[in-house]
Amino acid sequence: MQKTLLLVDGSSYLYRAFHALPDMRNADNEPTGALYGILNMLRRLRLDYPAAYIACVFDAKGKTFRDDMYAEYKATRASMPEDLVKQITPIHAAVRAMGWPILMVEGVEADDVIGTLTVQAVAHGMTAVVSTGDKDLAQLVNQHVTLINTMNNEKLDPPGVVAKFGVPPERIVDYLTLIGDTVDNIPGVSKVGPKTAVKWLAQYDTVDQVIANAANIGGAVGENLRKAVDWLPQAKALVTVKTDCDLSAHMGTFPESLIVLPQDNATLIDLYTRYNFKTWLRELGGSMAASAPAKNSGTSDLFDTSTTSHTNKVGVIGSVVTAVEDFVQSTLFPQAVTNYEAVTTEEQLDRWLEVIANAHITSVDTETTSLDPMSAQLVGISLSCEPGVAVYIPVAHRVQDDVQQLSRAFVLGKMRSWLEDPDKLKIGQNLKYDSHIFANQGVTLRGILHDTMLQSYVFESHRPHDMDSMALRHLGHQTITFQEVCGKGASQICFDEVEIARATEYAAEDADITLRLHHTMWPHIESDKKLRFIYEKIEVPTAVVLQKIERNGVLIDAGLLKTQSNEIGKHLLEIEQQAYTLAGQPFNLNSPKQLGEIFFEKLQLPIIKKTPSGAPSTDEEVLQKLAEDYPLPKILLDYRSLSKLKSTYTDKLPKMINGNTGRVHTNYAQAVAVTGRLSSNDPNLQNIPIRTAEGRRIREAFIAPENSLIVSADYSQIELRIMAHISGDENMLRAFADGIDIHRATGAEIFGVLAQDVSNEQRRYAKVINFGLIYGMSAFGLAGNLGIERAAAQMYIEKYFMRFSGVKMFMDNTRLQAKAQGYVETVFGRRLWLPEINSPNGPRRQGAERAAINAPMQGTAADLIKLSMIAVQGWLETEQLKSKMVMQVHDELVLEVPQEELALVRVKLPELMASVATLRVPLIAEVGVGKNWDEAH
DNA sequence: CGAATCCGTAACGTC
DNA sequence: GACGTTACGGATTCGA
């Protein structure tokens with residue numbers, strides 16, 4: 001494994017942390033913001049980038065060689081603020097106590113030290129990760145050196161540098177030379193910014209070449225360039241990071257002296273106490289008791305690279321399979337020794353059955369033949385009850401070595417009572433999937449207490465929740481990936497073809513890691529009342545309900561869809577011919593590229609807007625606009641909508657019908673949407689058309705069996721009601737309390753008329769504005785949607801906020817809260833993180849601000865419908881009804897209801913949905929019944 | 001070296 | 001604002 005050197009540009013973070021964070025102080029009124037920011041950043045870094053060697057580099061006091069070179073260097077920079085100066089000493093102390101070697105070298109800057117160390121790292125065959133907030137260091141990037149900025153989660157490898165700056169890393173010096181650096185008071189070429197610099201470098205490659213061609217560049221900038229010619233070499237020297245500093249006086253041998261040092265907890269506790277960092281303090285106190293048993297006991301084995309105490313014996317059946325982790329990782333993340341074994345005899349199985357029968361909780365994982373939960377066959381089961389110890393029980397491997405294996409029927413027969421026992425507690429990673437696998441074998445998995453995927457989702461919804469990422473993030477452990485075991489692409493093999501020894505390494509690790517992840521994440525959730533509620537009362541029970549819904553499936557009239565496909569197909573052929581005639585040639589109507597050529601080159605239609613890549617756009621909005629003056633765009637609009645219907649729905653859905661059940665079984669992803677919503681795939685049943693009459697016909701194919709009906713109940717105006725609840729806006733609360741049409745009420749306020757006098761046009765405007773608000777839409781977006789001027793849109797927004805001042809306040813507060821703490825919350829306390837809320841990148845930050853507005857509403861709605869699903873399923877089961885939930889579409893539940901239960905369900909269902917929570921506005925669910933989903937609306 | 005596969009882009013369906 | 005899926009078409013890898 002290639003070693004990594006992690007370097008932190010402490011000086012660049014000093015200022016950034018100081019300015020980015022609010023003015024934090026401890027009880028003695030000492031400033032603590034920069035200290036908190038830096039420590040927080042270092043903690044995160046260590047988790048995200050496990051490294052063998054680390055260093056935190058600060059600028060030393062005094063002049064550097066650049067000051068000697070250029071008297072004006074950094075002349076415009078103000079001296080360090082007093083409040084920051086006060087924090088320097090504790091910062092150094094805390095960083096050191098956390099185990100980071102610190103480097104400060106006189107005469108050069110932190111950048112130069114970092115540059116030098118990256119070069120040394122590469123020379124030693126290592127990779128280097130540089131954490132900095134300073135873009136100048138992009139010049140250090142290469143194949144082995146990556147730049148990361150923890151403030152905005154930006155990661156720069158060579159292509160990243162090209163993407164961000166438009167030039168490769170080796171051209172960054174030239175780039176900086178041309179544009180100069182106002183912060184350091186280094187002039188470049190006057191009036192030359194990033195765009196021009198990139199253009200010139202693309203043409204001439206280097207600054208030297210640009211200078212050589214200075215005579216050929218026209219205009220005012222050309223003149224400025226010629227004026228700067230004599231200066232540029234010096235500018236270049238100033239912006240170039242030194243990579244050959246003599247560090248011998250400041251550190252021992254490279255890289256050994258940059259090893260991760262043991263954490264000095266006593267000092268940290270002192271510092272955390274003094275500066276009042278309670279959470280970290282608690283963590284230090286708690287972690288000693290709660291963390292995994294393998295505590296590293298001092299420095300002796302830490303530095304002993306030659307240790308062979310963790311041997312790596314691979315895959316002999318029935319023997320111990322141990323894995324060695326990088327010894328440094330094990331110091332960062334204790335727990336290295338593993339004991340994995342394959343269970344292949346009845347005696348072994350019996351022994352383990354006894355273990356799990358008496359275990360407090362058992363981690364369970366299945367290996368299968370397919371990712372499709374309804375058709376996958378069980379290949380093996382892995383179990384773990386204590387960190388580091390796990391077994392794999394192969395039951396259906398096809399490998400032909402003379403290895404014995406217990407049969408699936410035998411193992412399931414022995415395990416069934418334990419699997420189905422609700423009192424035998426289980427934990428897994430996405431147990432919904434494993435539940436399906438067991439269900440495929442006729443076994444009902446019960447006793448699901450924990451799911452690490454859901455823990456991660458509740459704990460930090462914006463991060464990846466797959467096990468490999470989580471293991472790396474929380475445990476610093478690189479898991480064996482499925483791809484490593486089974487390959488990829490055409491040569492991928494099925495898991496039942498994997499040799500049992502290899503399968504054991506992989507599968508047992510999964511069960512082990514799941515349990516260890518639980519030990520890492522659960523304390524964070526358990527100790528937090530809100531998160532705990534979301535996890536225990538919403539997510540875990542929802543997973544159980546979802547599994548049932550998925551298994552129920554929904555009945556589809558394949559014949560009807562095929563008829564529709566044929567009709568649409570004929571229609572498409574006609575449209576195609578018309579398009580060819582109008583275009584004067586045949587072309588692929590499905591290709592935006594070919595279409596663009598026909599439109600904007602051959603027919604010379606005006607270009608309305610461009611796609612992000614610079615090509616002329618042909619999206620719906622553009623076609624609408626062009627259709628006012630030309631015939632072909634209209635034809636294409638028709639083609640597009642029909643072709644979408646056919647390919648995505650009428651052709652696809654019949655293919656998705658399960659051969660055994662005759663139904664379509666979607667998969668609901670519970671930990672994908674950062675807002676807390678579900679998403680649906682294979683097939684996606686949450687985007688079945690409804691807006692157009694043609695699209696709606698597809699819903700006619702969603703049917704109920706003989707003597708049953710489709711019943712659909714959806715929350716009315718759920719998100720606006722939530723906005724009224726959260727904001728407490730009086731006008732809005734009153735409108736909902738009085739049960740008036742909310743868009744009409746909004747129109748009345750905006751246009752200053754009585755509700756009954758609101759025209760249809762006014763109501764339409766109000767409706768668009770309401771939706772815009774829910775989505776945190778800008779004046780620009782609103783203007784686009786209404787087809788009006790931006791200024792006019794702005795006026796409506798101002799008018800709205802004047803009448804609904806509570807809403808305005810809610811939005812301002814939400815934005816502030818998001819910026820201050822990095823997340824917003826739903827009514828129930830679900831935490832929605834916004835990593836880019838303080839991004840220096842304008843569009844990204846604004847995107848995050850819009851998301852901050854939208855997230856509490858969308859997320860609360862998601863919480864409510866999940867509570868509904870749990871309540872409805874609970875009711876169906878206690879009443880032992882035959883009715884079943886078959887779909888969830890964000891604010892709607894769809895049930896399949898036998899005739900005899902109809903009267904009951906159509907009353908009780910909306911009642912249950914309306915009563916899952918009491919808000920400051922009434923919750924209303926509207927119910928519909930029909931032979932098919934379309935009729936049920 | 002052609003075929004298969006991967007990947008990013010554009011577009012569009014829902015709430 | 002949040003998603004997932006389709007088709008295209010260029011780039012890359014596969015496999016003979």
Problem - Side-chain donor/acceptor of A:Arg640 to base of B:dC12, under 3.5 Å - result: no
Exercise for the section: Answer yes when A:Arg830 and A:Glu539 have at least one side-chain N-carboxylate O distance shorter than 4.0 Å, and no when they do not. Expected result: yes
Practice task
Find the distance A:Leu653:CG to C:dT6:P and express it as a whole number of Å.
Solution key: 10 Å
Practice task
Examine the base of B:dC12 for any acceptor or donor lying under 3.5 Å from a partner atom in the side chain of A:Lys644, and report the outcome as yes or no.
Solution key: yes
Practice task
Report which part of the nucleic acid A:Leu678 touches: base, sugar-phosphate, or nothing (heavy-atom distance under 4.0 Å, all strands).
Solution key: nothing
Handout entry: Given B:dT14, B:dA11, C:dG4, the nucleotide with the shortest approach to the side chain of A:Val672
Key = C:dG4
Exercise for the section: Answer with base, sugar-phosphate or nothing: what part of the nucleic acid does A:Ser617 contact at a heavy-atom distance below 4.0 Å? Expected result: sugar-phosphate
Exercise for the section: Mind calculating the distance between NZ (A:Lys609) and P (B:dA10) to the nearest angstrom? Expected result: 11 Å
Exercise for the section: Just compare C:dT5, C:dA2, B:dT14 and give me whichever is closest to any side-chain atom of A:Arg699. Expected result: B:dT14
Practice task
For A:Glu719, report the nucleic acid contact type (base, sugar-phosphate, nothing); a contact means any heavy atom under 4.0 Å.
Solution key: nothing
Handout entry: A:Ser641 side-chain proximity, nearest of C:dG9, C:dG4, B:dG13
Key = B:dG13
Problem - Distance below 4.0 Å between A:Lys593 side-chain N/O and C:dG10 OP1 or OP2 - result: yes
Problem - Under-4.0 Å side-chain N/O to phosphate OP1/OP2 contact, A:Asn588 with C:dC8 - result: yes
Practice task
Determine the contact category for A:Arg850: base if any of its heavy atoms lies under 4.0 Å from a base atom, sugar-phosphate if only primed atoms, P, OP1 or OP2 are that close, otherwise nothing.
Solution key: sugar-phosphate
Problem - Sugar-phosphate, base or nothing in reach of A:Glu892, heavy atoms under 4.0 Å - result: nothing
Practice task
Rounded to the nearest angstrom, tell me the gap between atom OH in A:Tyr668 and atom P in B:dC15.
Solution key: 13 Å
Practice task
Would you indicate which nucleotide in B:dC15, C:dC3, C:dA2 comes nearest to any side-chain atom of A:Ile690?
Solution key: B:dC15
Exercise for the section: Begin with the C-alpha distance, continue with both residues' side-chain angles, and end with the deciding distance and a verdict on side chain to side chain donor-acceptor pair (under 3.5 Å) for A:Ser469 and A:Asp466. Expected result: CA-CA 6 Å; A:Ser469 313; A:Asp466 61 285; 2.6 Å; yes
Handout entry: Considering all heavy atoms, the nearest A:His890-A:Leu678 contact
Key = CE1-O, 3.4 Å
Exercise for the section: Please state how far atom CG in A:Leu642 lies from atom P in B:dA11, giving the value in whole angstrom units. Expected result: 18 Å
Exercise for the section: Verify whether one side chain among A:Thr618 and A:Arg640 offers a donor that lies under 3.5 Å from an acceptor in the other. Expected result: yes
Problem - A:Tyr796 and A:Tyr765 aromatic ring geometry - parallel, tilted or perpendicular at 30°/60° bounds - result: perpendicular
Problem - Nearest-nucleotide comparison on DNA chain C, the residue closer to the 5′ end among A:Ser591 and A:Asn687 - result: A:Asn687
Problem - Length of the line joining A:His890:NE2 and B:dC15:P, which is rounded to integer Å - result: 8 Å
Exercise for the section: Please tell me which of the listed nucleotides, C:dG1, B:dC15, B:dA11, lies nearest to the side chain of A:Asp891? Expected result: B:dC15
Completion exercise
Against the side chain of A:Val674, the closest entry in C:dA2, C:dT5, B:dT14 is C:dA2
Problem - Nearest-Å distance for atom pair CD1/P, residues A:Ile698 and B:dC12 - result: 16 Å
Exercise for the section: Looking at every strand, decide which applies to A:Arg691 at a 4.0 Å heavy-atom threshold: base, sugar-phosphate, or nothing. Expected result: base
Completion exercise
Testing B:dC15, C:dT6, C:dC8 for proximity to the side chain of A:Thr648, the answer is C:dT6
Handout entry: Side-chain N or O of A:Lys652 closer than 4.0 Å to phosphate OP1/OP2 of C:dT6
Key = yes
Practice task
Respond yes when some side-chain nitrogen or oxygen of A:Ser679 is under 4.0 Å from OP1 or OP2 of C:dG4, and no when none is.
Solution key: yes
Completion exercise
From the candidates B:dA11, B:dG13, C:dG1, the one with an atom nearest any side-chain atom of A:Pro592 is B:dA11
Exercise for the section: Respond yes when some side-chain nitrogen or oxygen of A:Ser647 is under 4.0 Å from OP1 or OP2 of C:dT6, and no when none is. Expected result: no
Practice task
Mind calculating the distance between CD (A:Gln686) and P (C:dG4) to the nearest angstrom?
Solution key: 9 Å
Practice task
Can you figure out which of B:dC15, C:dG1, B:dA10 approaches the side chain of A:Gln858 most closely?
Solution key: C:dG1
Exercise for the section: Check the side chains of A:Gln670 and A:Tyr457 for a donor-acceptor pair under 3.5 angstrom, ignoring hydrogens and angles. Expected result: no
Exercise for the section: Report which part of the nucleic acid A:Ile688 touches: base, sugar-phosphate, or nothing (heavy-atom distance under 4.0 Å, all strands). Expected result: sugar-phosphate
Exercise for the section: For the pair A:Glu935 and A:Arg699, find out whether any cationic side-chain nitrogen is under 4.0 Å from an anionic carboxylate oxygen. Expected result: no
Exercise for the section: Select one nucleotide: of C:dA2, B:dG13, C:dG9, the one nearest the side-chain heavy atoms of A:Gln594. Expected result: C:dG9
Practice task
Whole angstrom is fine here: how far is it from CG in A:Asn681 over to P in B:dT14?
Solution key: 18 Å
